[in-house]
Peer 1: 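Below is a structure I'd like to ask you about.
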Protein chains: 2
Amino acid sequence: MKAKRKRTVGQKHGDLRNELLREGLKLLDTHGIEGVTIRGVAREAGVAHSAPANHFRSKRALLTAIAAIVFADLADRIDSATAEMAHHTEQAIKAFADTCFQFAFDAPNRYHLLWQRQLIDQDDPAVAAEMDRVYAALLSVLRQDRAPHRVDIETDAIAIWSMIHGYISMRLDGNLVEAADTVTNLPRHKAILLSLIDGVYSREVPTP
Amino acid sequence: MKAKRKRTVGQKHGDLRNELLREGLKLLDTHGIEGVTIRGVAREAGVAHSAPANHFRSKRALLTAIAAIVFADLADRIDSATAEMAHHTEQAIKAFADTCFQFAFDAPNRYHLLWQRQLIDQDDPAVAAEMDRVYAALLSVLRQDRAPHRVDIETDAIAIWSMIHGYISMRLDGNLVEAADTVTNLPRHKAILLSLIDGVYSREVPTP
DNA sequence: CGAGCTTATGGACACCGTCCATTTCAGAGG
DNA sequence: CCTCTGAAATGGACGGTGTCCATAAGCTCG
């Protein structure tokens with residue numbers, strides 16, 4: 001019966017893989033994406049510089065594994081936030097957007113990592129699964145309590161996600177906005193964006 | 001009178017600085033942002049690995065100079081595209097958005113570089129000036145032919161830019177969209193986005 | 001107990017950005 | 001004309017990185 005048993009955790013170090021991931025998240029938060037390095041996480045974990053190679057075949061694989069954790073966290077938050085609003089579509093959309101805002105502004109480095117195709121493998125099964133959970137949550141919110149005269153749900157999802165992600169990116173990267181603006185006007189901007197999303201949700205079908 | 005004269009161009013190499021920038025743009029297009037390296041541009045230009053140090057104090061300075069060129073190109077395109085529509089606000093907004101789409105999908109690496117705060121110095125005078133030109137073009141478009149019952153122009157600008165930049169980022173990074181979708185549906189998505197922008201432009205004032 | 005596999009180690013290599021001393025050379029001033 | 005100066009280019013060095021390699025250590029199971 002132990003034939004298919006999971007590998008025993010207690011090798012030399014015990015649980016180095018997760019230890020490396022934890023240190024990677026710490027470095028990500030404190031020193032940015034550029035601060036996450038194979039030798040760095042090894043150093044923080046107190047092992048040789050080449051030890052991580054046994055758990056991650058490349059730096060890309062390490063960052064991908066970290067991104068999967070971050071994605072799962074985001075998906076969890078979105079799920080629980082929208083679940084409370086399951087029967088109120090408009091509130092659920094707001095909850096979805098607000099969860100994204102909160103997450104991105106609380107941990108900008110984590111949010112950034114998720115979309116860096118150059119650095120992570122978005123086709124990785126774990127990453128793709130968690131990304132699908134986020135997308136599925138948005139679709140699920142849009143699916144319920146739906147007016148009959150709308151365009152298809154995917155189109156609404158693309159539009160809403162464009163606005164949410166675009167505003168977050170603009171704020172995190174400082175695009176086209178004065179620096180003074182970025183701190184003081186966050187609540188106002190959030191309200192505007194949410195009203196915009198309302199507009200998307202209740203607009204007519206565009207002429208094709 | 002020659003005391004304040006500009007430095008003669010014909011030093012040893014003649015025009016190494018611009019040569020390095022040209023090679024940098026080539027590497028950016030062909031090998032992505034990660035492919036642009038000080039030693040790389042020096043190699044392509046046929047000079048010593050430390051020669052660029054005389055013209056760019058750091059890699060950040062090199063990438064910033066490249067970004068300034070790219071920004072200027074984008075601003076030029078936007079200016080000429082919107083100038084033709086100077087008396088038709090709705091068409092001008094579409095022209096602005098379409099120019100951004102075209103630019104980003106034609107040269108994704110260049111577009112990406114513009115917003116990488118980690119890599120370039122957005123407070124650099126040249127970069128900031130060109131970024132302001134883009135923002136000014138959007139504001140100028142919104143300023144003319146304006147209905148009286150709107151929110152302030154900056155708010156509209158933020159909303160419109162969020163959608164344009166968000167949609168581009170989503171497409172370039174493959175966010176939440178199936179790969180098959182990304183190629184086939186571009187014209188459709190563009191139409192949808194433009195109709196969304198119309199919605200922003202003609203919406204009512206949100207409750208503050 | 002010993003075989004075998006996984007894991008950890010330390011060294012090596014090729015890059016990279018940056019700093020440094022040195023050399024080269026165009027142009028200014030005597 | 002000739003020297004002098006200072007910017008530009010060179011080559012070497014250092015520390016850091018990702019990746020590969022041979023080796024050693026430790027656990028599991030036959």
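Proteins come first, then strands; the chains are lettered A, B, ... in the order of their sequence lines, and each starts at number 1.
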Peer 1: Check DNA chain D against residues 26-35 of chain A and give the residues with a non-hydrogen atom under 4.0 Å, in numerical order.
Peer 2: none
Peer 1: What is the minimum heavy-atom distance between A/Ala65 and A/Leu21, and which atoms define it?
Peer 2: CB-CD2, 3.7 Å
Peer 1: Name all pairs fulfilling the ring pair (Phe, Tyr, Trp, His ring centres under 6.0 Å) condition that reach into residues 58-78 of chain B, sequence neighbours left out, sorted by first residue then second.
Peer 2: B/Phe71-B/Trp115
Peer 1: When only distance counts, do a donor and an acceptor, one from the side chain of B/Asn54 and one from the base of D/dA7, lie under 3.5 Å apart?
Peer 2: no
Peer 1: To the nearest Å, how far apart are A/Glu44 CD and D/dG16 P?
Peer 2: 14 Å
Peer 1: Summarise protein proximity over nucleotides 13-22 of chain C in one line of letters, 5' to 3': B for base, S for sugar-phosphate only, - for none, counting protein heavy atoms closer than 4.0 Å.
Peer 2: ---BBBB---
Peer 1: Could I get the full list of side chain to side chain contact (heavy atoms under 4.5 Å, CB included) partners for A/Thr64, not counting sequence neighbours?
Peer 2: A/Arg60, A/Ile120, A/Asp121, A/Asp124, A/Val127
Peer 1: Residues two or more places apart in sequence or in another chain: which of them pass salt bridge (charged side-chain N to carboxylate O under 4.0 Å, His left out) with A/Arg133?
Peer 2: A/Asp76, A/Asp79, A/Glu130
Peer 1: With salt bridge (Lys or Arg N to Asp or Glu O under 4.0 Å) as the rule and sequence neighbours excluded, what pairs involving residues 31-58 of chain A come up?
Peer 2: none
Peer 1: Mind checking what makes side-chain hydrogen bond (donor to acceptor under 3.5 Å, both in side chains) contact with B/Lys59, not counting sequence neighbours?
Peer 2: none
Peer 1: With B/Asn18, which residues qualify under side-chain hydrogen bond (donor to acceptor under 3.5 Å, both in side chains), at least two apart?
Peer 2: none
Peer 1: In whole Å, I'd like the distance from the CG atom of B/Leu16 to the P atom of D/dA7.
Peer 2: 17 Å
Peer 1: By side-chain hydrogen bond (donor to acceptor under 3.5 Å, both in side chains), which residues pair with B/His112, not counting sequence neighbours?
Peer 2: B/Asp173
Peer 1: In this structure, how many angstroms lie between the P atom of C/dA8 and the CD atom of A/Glu19, rounded?
Peer 2: 11 Å
